[in-house]
Amino acid sequence: MVKEMRRNLRGRVILITGASRGIGRRACERLAKLGARLALTSRSADDLAKVVGEARAAGVEADAIVGDLTSSSDRDRIVKEVVARFGGVDVLLNCAGVCSFGEFGNSSESIVRRVMEVNFFAQVEMIRLAQPHLLRSAENARDDWRPAVVNVASICGRWGIPSMSEHCASKHAFVGLTEALRAEFQRYGIDVLLVLPGLVRSDDLNRHLLRNDGKIYLDFAGAQPPDEVAAAVVRSLIKNRTEAAVGAVSWCVWMSRRLFPRGVRFFMQRKVWRFARREARLIKVSPDVGSKSNAAD
């Protein structure tokens, strides 16, 4: 019988992107309780300072490195500062991200590039910069320790969602990269893990969404709480789960994609049809109402 792996994170240096809010912030809170040493980064200095202050108040070693992950010089500086302050990197946790909710035909090149830059290219280069330090963590390992990269993607990375074309493209790319690196990094003793949440409730929806005019109904207010996703992220890291779909909706899409792909395709198309029919009815009643509605299915 194979013994289930369990990572002891106490004293381990964990670099977390997108740490000032949402999933990243909640993951910080949970990792602090486990005694990890937290290197936190995001663009928001004030919000990041609050997270660091709370961690330190709990007796945990934590530090903030403010930077823009879409800047190559910032990425390089962030990793160098983490290594200088903490002595290395044992885990890279990629939580940063943005979303675009709207039809492809109404989008723009700048939105596509922004989504890909934040959700894919920035994460790719953070992994590249962290790899030598994760390798050193593996080489110096004791007590069955294995360093890890944890990529928080989305169920959108497993199935395309209408009105989220740019977001799905970035997450599909991120999932593909994760799967390739998982095999590639095995020879280094580095694990690459994937977490797939569904729709996650945002701390600040306007800052998270580049646009919000999609033509399907999405219940942003009733979405998964970020703490639920953060719990799954930490659990995946501790138990070394290769891939985890988080939440009932995400799990159903994840499983149905394998067993009933036609059913998932029909369900997605149905959401578009129903929204379009309802919008058409509203336009007949009041042209101003129909364009603004995102009412429930």
Side-chain angles (χ1 to χ4, degrees), residues 18 22-23 94-121 123 151-179 194-202 205-226 228-229 232-233 243-279 291-297:
I23 299 169
N94 279 315
C95 293
V98 295
C99 184
S100 171
F101 180 51
E103 290 199 319
F104 177 77
N106 300 324
S107 189
S108 66
E109 180 182 350
S110 62
I111 289 177
V112 174
R113 289 187 179 278
R114 179 63 181 170
V115 172
M116 291 299 296
E117 198 68 51
V118 175
N119 291 359
F120 181 67
F121 291 114
Q123 318 296 339
N151 290 334
V152 181
S154 167
I155 195 60
C156 291
R158 285 297 184 199
W159 190 279
I161 311 296
S163 281
M164 300 186 77
S165 54
E166 299 101 343
H167 189 69
C168 292
S170 68
K171 296 301 184 178
H172 268 74
F174 200 28
V175 168
L177 174 86
T178 302
E179 292 180 333
L194 179 65
V195 180
L196 302 170
L199 188 65
V200 181
R201 193 181 308 155
S202 175
L205 189 60
N206 291 329
R207 293 180 68 175
H208 182 66
L209 286 177
L210 299 182
R211 59 189 181 126
N212 186 10
D213 55 3
K215 297 296 184 179
I216 64 170
Y217 172 68
L218 291 180
D219 184 10
F220 288 107
Q224 287 177 275
E228 178 181 308
V229 181
V233 168
E243 181 174 332
V246 185
V249 173
S250 180
W251 189 89
C252 285
V253 173
W254 184 80
M255 184 59 69
S256 297
R257 171 185 171 272
R258 301 183 175 196
L259 301 178
F260 314 107
R262 290 185 180 181
V264 180
R265 189 177 301 113
F266 174 78
F267 174 76
M268 295 301 174
Q269 293 171 345
R270 179 174 173 270
K271 288 182 73 67
V272 175
W273 293 334
R274 293 193 66 177
F275 190 95
R277 286 196 295 267
R278 189 178 190 282
E279 188 177 49
S291 61
K292 299 176 181 178
S293 175
N294 193 17
D297 262 345

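Sequential numbering from 1 along the given sequence is applied to the chain's residues.
Atom OG of residue S110 and atom CG of residue L210 lie 9.0 Å apart, to the nearest 0.5 angstrom. Atom CG of N212 and atom OG of S163 lie 10.0 Å apart (nearest 0.5 Å). Here the OG1 atom belonging to T178 is positioned 5.0 Å from the CG atom belonging to L194, to the nearest 0.5 angstrom. Taken to the nearest 0.5 Å, the CD1 atom of I111 stands 11.0 Å off from the CZ atom of F104. In this structure, OG in S107 is found 4.0 Å from CZ in R211, a value given to the nearest 0.5 Å. Separation of atoms CG (N106) and NZ (K215) is listed at 7.0 Å; rounding is to 0.5 Å.
When every heavy atom of G22 is checked against every heavy atom of P226, the shortest pair comes out as C-CB, 3.8 Å. Closest approach of G102 to D213, counting heavy atoms only: CA-OD1, 3.3 Å. A153 approaches V175 most closely through the heavy-atom pair CB-CG2, 4.1 Å. Across S100 and V115, no two heavy atoms sit closer than the pair CB-CG2, 4.0 Å. Shown here for F174 and F120, the closest heavy-atom pair between the two residues is N-CD1, 3.7 Å. Counting all heavy atoms, side chain and backbone alike, C168 lies closest to C156 at SG-CB, 3.7 Å.
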Q: For side-chain contact (heavy atoms from CB on, under 4.5 Å), just list the numbers for Q224 and V246, CA-CA rounded to whole Å, side-chain angles, deciding distance to a tenth of an Å, and then say yes or no.
A: CA-CA 9 Å; Q224 287 177 275; V246 185; 3.5 Å; yes
Q) Please walk me through it: do M116 and S170 pass side-chain contact (heavy atoms from CB on, under 4.5 Å)? A) CA-CA 5 Å; M116 291 299 296; S170 68; 3.6 Å; yes
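A heavy-atom distance below 4.5 Å is not found between the side chains of N94 and V152.
No donor-acceptor pair under 3.5 Å is formed between the side chain of E166 and the backbone N or O of S108.
Taking E179 as the reference, R158 meet the salt bridge (Lys or Arg N to Asp or Glu O under 4.0 Å) condition, with sequence neighbours excluded.
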